[in-house]
Every structure is written in C-alpha cells, then in structure tokens.
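This report concerns only the one structure given below.
Chain letters run A, B, ... following the sequence lines, proteins first and then strands; every chain starts at 1.
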Number of protein chains: 2
Amino acid sequence: MKPRDRIPAAERREQILDAAAQVFGELGYGGATTDTIARAAGISQPYVVRLFGSKENLIVEVIERTCDRVMATFREAIALEDDPETLPRRIGGAYIGLVSDRGILLTLMQAFGAGHDPKIGPVARIGLMRIYDQLREEAGFSAEQTREFLAQGMLINTLIGSGLSAQLDTDARVAELFECTFQDKLPLVRAGMSLAAR
Amino acid sequence: MKPRDRIPAAERREQILDAAAQVFGELGYGGATTDTIARAAGISQPYVVRLFGSKENLIVEVIERTCDRVMATFREAIALEDDPETLPRRIGGAYIGLVSDRGILLTLMQAFGAGHDPKIGPVARIGLMRIYDQLREEAGFSAEQTREFLAQGMLINTLIGSGLSAQLDTDARVAELFECTFQDKLPLVRAGMSLAAR
DNA sequence: GGGGCTTGTAATCATACGATTACATCATCC
DNA sequence: GGATGATGTAATCGTATGATTACAAGCCCC
C-alpha cells in the first residue's frame, strides 16, 4: 500500500470531478467505470465511491459543474463586451475556447443524450434551460439568435465528440466542414486535438 | 419453453435491428443490454447474440442502417422537389419527420457521442460524412448551407434526446425554444411525444 | 502522547451482463 | 419417415463493476 499525499477532501473532490468529466465525456455514463475515473484522478476506486456516494451522484455533480463552467465562460464574454452587434460572435468564440478542455463539451453531449435516465435526465434538462435563459436574458439574444447559437453549439459538440477532428488533415470534406464551422477559431481545435492525443 | 412463431432469420434480424435502434437510442451503448433488446424484439437474449455475433456488431449495423434511412429520406425529399429555393426547408421537414421513429435520431446522437470507441467511432464518422456528402452533392447545398443544416439537425437530436419535449406544455421557455426550432413542424414533435409515452 | 477525526487502501461481495453450450422443435427433401 | 438444416430457448459460465467492509496511517488538539 502506498497512500498518496494526503489532500483535503474538498480539493480531492475537485480532482475527481475534473477526471470524471474527461472520462465520462470519452466513454459515456455506461462506458465509464469508477475505477477508470479513480485511476485518472490518481486514487483508489473505493475512495471515489465514498466521496460521492455513487457513480450516479458523481455524474450529476459533473454535469452541474460543467454547466456552471459554461455559464461562467459566457458571463465573462458578456461582461467584457459592450457592442451588442458582435456579442454573438464573441460568445461563440468563448464556447469554442472550451474545446481546450475536452471534458466539458463531451460531458454536455453525453448528458443531453441521457435524457431518459430518471436521475441524469432532469439535471441535463435543467442545465440546458439555464444556459438558454442566460443567453436570452443576460446576453439579450432573441429566441431566433438563441436557437441559432445552440444549434451551432450542438454541431460543435458533435464534431468534437465524433472524433472527426483527427481526420482534419487527411480528408478534404472534413476540412471544409470544420473550416466552415470554426472559421478563425480553427487553430483552437487543432490545439485541442494534439492535446487530446496524449 | 414457448418457442415463438418461427420466422426467417433475415426477417428476425430486421425486427431486432428495429428494437435495438429504440433501445440503444434510449439507453446508449453502455446502458443498453442485449437482454433488453431481446425482450423488445420478443425473443431470447442468446438468439440476439447468435444472429449478430456480438453487441458491438449489432450497434454497428444499427448505426449503418440508421444512416441509410436518413439518406433515403433525404433522397426522397430531393427527388420530389425541383425548386432549389425551398429545398432546404423541404429536407429539414423530412428530417423532423423522422422524430416519429424516436430510435433514429437518438441512435444518431449516441453514435456521434461514441466517437472514441475503436469500433463504433469509425462507423459514426463515415455515416456523418456520407450525409454531409449527400447534402453537398445531391442536394446541392453550399458548405455554409450544409453546416447550418447539420447544426439544426444536431439541435433537434439534442432537444428530442434530452427529453425536454415532455415539458413542452408546462414550461414557457421550452415552448419558445421548440416553436423557434420546429416551427410549423411542431405538431409532429407532439405526436412523437405522445407516441413515446407508452 | 494519546484519543479522535480525516484521509486513504486492500480485500471482498453481489450482481449484471455478454457470451457459450447443449438441447428442443419444426420444416423440407429424398 | 427419417436425415438434415434452420429456428429458437434454457442453463450456465466468466468476468467486469459498483459498492461495502475492515483496516492502516497521518494530523491535530489537549
């Protein structure tokens, strides 16, 4: 037995939540195991279960935290912008910036795909509508602007989640789709891609 | 033992593929079990495994068939349309028409979210790009039109997959988002909703 | 310096699930 | 009419996995 450095539980929870976002994003709720998450966080499997009670509780917290982070990112972009004309592009760029943390977008995608689950579904729905509200009210988007924005976000999630970015340099159609979708933010995607290849 | 009516294997495979699309769509790859699929198809679990070799093979076939169906639907819409002006709306309407079979859209979503998987990922990517090609070439969409169309499709998948449609009549914000997204096709969503409530 | 709280692991359990095997039933051909 | 192949199930196996338990080791306060 080699007990790791002892760390306050609150901090350890944060580490686990970070690791879990990655793992849930990659493997989905069913595919991810508490042991995989534990290894990614550098601790033992039972400790993960003890700190969160259950795998289900864990992903609920992961989803809530993910939504919080997305909203915080948007809030920043809204705050430092005063021209309502360019605000959509600014917030969109902020969202694309989140690809650098693969876990965030992929976790969102998995969450929305688990709408059937009695525990996960409600959390995902509340998170999505909280983001919708923020765009409508804080950002001042119209309903149509918000729909357009969310649609673009879901496409981004799909492109990243499907792993197509790996074919960015070998498939011209993929390149076309990505250039059209990410435009000047495309370098961010490439950066996130090489980062994820570890 | 109560052997069901004996049915040719080819036909039984179709039944299983239909059932599997529903179950995989609802529960995801990890959450779905071969037994659940078997029960949905009205047969025993071992027979599912025998007819497809493995759960992994099964979902691969489900994804391929789902993409085929989407493309066939689009092809129909393209064929009976001669005005390139209204073609995007026509194809979009055709896609929304697919919500009546919940399994199709949800399976697509699960497939794209499993891009990491060494077996499922490639199939999902090929399917997505086949659809992209069809829109670009057969439908004659520009890259930008195609991006817009796919984004809208992914939003639709998300809205249906997250289960938000159940709150259509109780949450004004949800109603706003759905009206903006589906417009005159909204009744189709309601119909699909009540259909899924069984 | 020791009692008690916190942080952590090893060992183990119970179960769910995909897969395999062996067997049953029916149709068809000769 | 019985051999053969196709269609199907019951029983079972091996393993992965979430959870539980028991225990170890540091920290802190008095």
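In this structure, CG of A:Leu27 is placed 10 Å from P of D:dT17, rounded to the nearest angstrom. Between the CD atom of B:Gln45 and the P atom of D:dT12 there is a distance of 15 Å, rounded to whole Å. Separating the CD1 atom of A:Ile43 from the P atom of D:dG18 is a distance of 14 Å, rounded to the nearest angstrom. The interatomic distance linking B:Glu56 (CD) with C:dA19 (P) rounds to 8 Å, in whole Å. One atom, CZ of A:Arg39, and another, P of C:dA10, lie 10 Å apart when rounded to the nearest Å. Going from atom CD of A:Glu11 over to atom P of C:dT6 covers 17 Å, rounded to whole Å. The separation between B:Asp35 atom CG and C:dT15 atom C1' is 14 Å, rounded to whole Å. The CZ-P distance, from A:Phe52 to D:dT17, rounds to 20 Å in whole Å.
Neither OP1 nor OP2 of C:dT9 sits under 4.0 Å from any side-chain N or O of A:Tyr47. OP1 or OP2 of C:dG18 lies within a sub-4.0 Å distance of a side-chain N or O belonging to B:Thr34. For the OP1/OP2 pair of C:dG8 and a distance below 4.0 Å, the side-chain nitrogens and oxygens of A:Arg12 include at least one atom meeting the criterion.
The side chain of A:Ser44 lies closest to C:dT9, out of C:dT9, D:dT20, D:dT9. Here D:dT7 is the nucleotide among D:dT7, D:dG8, D:dT20 with the atom lying nearest to any side-chain atom of B:Ala9. Listed nucleotides D:dT9, D:dG18, C:dT7 differ in distance to B:Arg50; the shortest reach to its side chain belongs to D:dT9. When each of D:dA11, C:dG8, C:dA11 is scored by its nearest atom to the side-chain atoms of A:Ile7, the top-ranked nucleotide is C:dG8.
Counting distance only, with no hydrogens placed and no angle test, the side-chain atoms of B:Arg6 and the base atoms of C:dT25 include a donor-acceptor pair under 3.5 Å.
Taking the ring centroids of B:Phe149 and B:Phe74, they lie under the 6.0 Å cut-off.
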Step by step, would you call A:Tyr95 with A:Gln152 a side-chain hydrogen bond (donor to acceptor under 3.5 Å, both in side chains)?
CA-CA 10 Å; A:Tyr95 188 69; A:Gln152 174 77 355; over 6 Å; no
Worked check of side chain to side chain contact (heavy atoms under 4.5 Å, CB included) between A:Phe24 and A:Ile37:
CA-CA 8 Å; A:Phe24 280 132; A:Ile37 295 167; 3.7 Å; yes
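B:Thr33 comes within 4.0 angstrom of sugar-phosphate atoms only, judged by non-hydrogen atoms across all strands, and of no base.
The residue among B:Ser54 and A:Ala10 whose nearest nucleotide of DNA chain C is located toward the 5' end is A:Ala10.
Ion pairing between a basic and an acidic side chain is recognised when a charged N comes within 4.0 Å of a carboxylate O; B:Asp35 and B:Lys55 show no such pairing.
The line from OG1 of B:Thr66 to CE of B:Met109 is 14.5 Å long, rounded to the nearest 0.5 Å.
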